Number of protein chains: 2
Amino acid sequence: MTSPAPIDSFWAVVPAGGAGTRLWPLSRASAPKFLHDLRGSGRTLIQETYDRLAPLAPGRMVVVTGAAHQEAVARQLDQLPPEAILAEPSARDSMAAIGLAAALVERADPDAVMGSFAADHVILDDEGFTAAVRTAVEVARDGWLVTLGVEPTFASSAFGYIRSGDRLEDHAGAWRVAEFVEKPSVEVAEGYLAAGGYRWNAGMFVARPGVLLDLLAETDPAFAAALRELAADGSRLDEVWPQLPRIAVDHAVAEPAATAGRVAVVPASFDWEDVGDFDSLAGLLAREGESVTVLGDADVRVVDASGLVVAGGRTIAVVGLDDVVVVDTPDALLVTTRARAQDVKAVVAALKESGRGDLT
Amino acid sequence: MTSPAPIDSFWAVVPAGGAGTRLWPLSRASAPKFLHDLRGSGRTLIQETYDRLAPLAPGRMVVVTGAAHQEAVARQLDQLPPEAILAEPSARDSMAAIGLAAALVERADPDAVMGSFAADHVILDDEGFTAAVRTAVEVARDGWLVTLGVEPTFASSAFGYIRSGDRLEDHAGAWRVAEFVEKPSVEVAEGYLAAGGYRWNAGMFVARPGVLLDLLAETDPAFAAALRELAADGSRLDEVWPQLPRIAVDHAVAEPAATAGRVAVVPASFDWEDVGDFDSLAGLLAREGESVTVLGDADVRVVDASGLVVAGGRTIAVVGLDDVVVVDTPDALLVTTRARAQDVKAVVAALKESGRGDLT
């Protein structure tokens with residue numbers, strides 16, 4: 001396999017945030033899911049994200065992460081120069097994180113087109129991903145805010161959807177975004193699939209940094225100005241950062257811009273998984289003919305059982321349980337089912353509430 | 001609560017054996033269940049057995065255990081003099097163990113009546129137990145081999161049954177044993193309960209040691225002679241022991257003696273639990289209004305779940321599982337259900353077969 005060719009002036013921005021509470025006790029505030037080798041591939045999710053993007057944007061990657069994770073990210077991505085890893089002094093949601101990266105890229109490279117790709121998503125079809133990004137970059141060069149729309153494989157209620165409108169005149173591979181719709185019920189999602197023209201919003205944006213910041217300036221000029229000032233003079237980061245609005249890039253920029261007809265979608269046919277919970281992880285890791293999938297290194301004994309075991313070194317025996325999820329870590333153990341995987345966040349909330357936030 | 005009065009010339013024999021494989025990974029070959037505090041009472045099962053018997057037989061207790069457990073038993077029963085703990089050089093089943101104790105007691109006290117009570121059973125009603133033992137001792141003084149017959153509370157297929165015949169003429173509290181019957185099916189057991197006159201065989205025998213050994217001599221004179229020789233001269237134990245027959249006291253003595261009309265049963269109304277598996281342990285520990293019973297010290301978080309958690313120190317979260325059994329130990333973890341508790345032995349067998357006997 002040869003590496004894909006670089007894309008001219010393409011910058012990869014990787015927001016590395018999110019606690020992944022539904023993946024507790026594997027994912028912790030102190031070690032969120034992007035730092036874990038969730039596929040058992042030998043590479044963590046952020047390393048796989050790096051591997052996917054580095055050939056397309058050699059020497060042009062910016063990772064934005066929490067100050068608490070800066071060291072761990074630097075250790076895992078030791079090919080990156082230190083200045084390529086931005087540490088947010090505190091969590092301010094995605095607009096601040098991606099916007100600061102945009103402002104820095106804008107200063108560094110006037111021809112830049114940036115793409116923002118979360119550090120904790122799984123994509124196995126590198127070729128399909130690369131093709132979609134190439135198309136998106138071409139469209140973005142013309143001033144569009146471009147989002148990648150993942151072809152839905154089932155009526156998921158876990159993702160937002162992108163409804164596409166007309167095909168762009170200048171770009172055969174892109175459509176105008178008619179609207180972004182919030183996570184629907186399964187019934188509504190089934191209607192979307194039947195109607196066609198709806199794709200999953202995987203949160204992947206491609207745009208010129210100036211376009212992104214100018215769109216932000218239309219709804220919140222002070223926010224855009226603050227980000228550009230921080231890019232020009234980083235010395236005031238600790239002072240300015242806590243005053244930035246907590247808002248997602250979707251709400252701050254993408255949705256208003258879609259309403260104004262300025263967002264394009266490039267259909268993406270590659271597989272994509274945000275690994276939000278253990279059900280999703282179990283689906284991702286499931287192998288033909290294997291009743292219990294084991295992630296990690298341990299002696300796992302199965303008698304009449306199916307599901308997922310995340311092993312932590314100890315011998316684990318599972319007897320007589322279907323679709324069970326067992327997650328074994330040095331200080332905490334989770335036992336649940338794939339169907340109840342969402343409810344793991346209730347445990348994390350309860351631990352925090354009772355003063356055991358150290359475990360979360 | 002005052003201690004019960006001692007019973008004249010009553011000797012307590014406590015066979016402490018059995019691996020308890022269905023309680024893996026809590027119970028191990030290296031630390032069988034009698035060494036564990038399975039009730040969370042602060043006392044292990046063998047300590048509770050000691051506490052129950054010591055007032056009845058002060059200074060007259062003999063524990064027979066495997067050489068591998070001699071030290072642990074001595075540590076747990078530090079009130080016992082070292083000579084009261086007999087170490088079997090190898091496992092020879094219960095006839096050899098109880099028979100050797102009988103031969104020693106026979107030499108030590110010509111008036112002795114001995115009772116044999118397993119080290120790993122749970123009895124909460126000390127008063128009921130004591131009353132039954134007193135009656136059994138009185139009957140045994142007259143030369144009977146006496147067994148305690150536990151009043152069945154349900155149609156169990158896990159225990160053998162004792163069918164009683166006529167009441168003894170000289171003892172209003174005892175009946176002749178018509179026969180011992182092997183573990184029946186649930187349907188057959190239901191028939192026993194409907195018919196009446198059937199009690200659980202809890203493996204508790206009371207007899208003069210000479211009566212027990214003479215009964216053995218009737219079926220296997222060499223065996224009885226070997227035991228009496230070992231009691232007279234312990235120096236040949238390591239040489240003689242491996243040649244003794246591997247047979248249970250039930251088969252070697254009790255069943256043939258019952259056929260000959262020489263066994264009596266004293267009905268016992270006390271609760272009794274042999275804690276054979278995690279289902280039985282869950283039932284024993286269940287407390288009103290508590291969905292998940294926790295044994296051991298740990299932070300256990302329950303969301304919509306019921307069952308038993310044997311904690312090993314780590315935080316454990318159980319979400320959305322009914323009648324689940326989670327057993328957390330430093331090197332091995334078991335996840336199963338109460339209904340499948342019997343199948344735990346399959347895991348132990350598989351571990352042994354694949355060279356991981358160290359874990360069993």
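No experiment lies behind these values; they were computed from the predicted model shown. Reminder, nothing fancy here: chain letters follow the sequence lines and each chain counts from 1.
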*So which part of B/Pro25 gets closer than 4.5 Å to some heavy atom of chain A, the side chain, the backbone, both or neither?*
neither
*B/Val326 versus chain A, heavy atoms under 4.5 Å apart: side chain, backbone, both or neither?*
side chain
*asked:* Exactly one of A/Leu26, A/Thr44, A/Val310 should register a side chain to side chain contact (heavy atoms under 4.5 Å, CB included) with A/His36. Which one does?
replied: A/Leu26
*Is it the side chain or the backbone of B/Leu321 that comes within 4.5 Å of chain A heavy atoms, both, or neither?*
side chain
*Sort out for me which of A/Val344, A/Val303, A/Val300, A/Thr329 touches chain B most, counting heavy-atom pairs under 4.5 Å.*
A/Thr329
*Just checking, is any N or O donor in the side chain of B/Ser306 or B/Asp322 under 3.5 Å from an acceptor N or O on the other one?*
yes
*Within residues 350-360 of chain B, which positions have a heavy-atom distance to chain A below 4.5 Å?*
B/Ala350, B/Leu351, B/Ser354, B/Arg356, B/Leu359
_chain B contacts, top residue of A/Asp299, A/Ile316, A/Val302 (heavy-atom pairs, under 4.5 Å)_ = A/Ile316
_Quick one, A/Tyr192 and A/Pro152 - any side-chain contact, counting heavy atoms below 4.5 Å?_
no
*Check B/Arg43, B/Arg39, B/His121 against B/Glu48 for a side-chain hydrogen bond (donor to acceptor under 3.5 Å, both in side chains) and give me the one that passes.*
B/Arg39
_Derivation and outcome, side-chain contact (heavy atoms from CB on, under 4.5 Å), residues A/Asp93 and A/Ile247_ = CA-CA 5 Å; A/Asp93 216 324; A/Ile247 186 168; 5.6 Å; no
*Going through the distances and angles, do A/Phe159 and A/Asn201 end up as a side-chain contact (heavy atoms from CB on, under 4.5 Å)?*
CA-CA 7 Å; A/Phe159 312 127; A/Asn201 180 2; over 6 Å; no
*Between A/Val318, A/Asp328, A/Val325, which shows the greatest number of heavy-atom pairs under 4.5 Å with chain B?*
A/Asp328
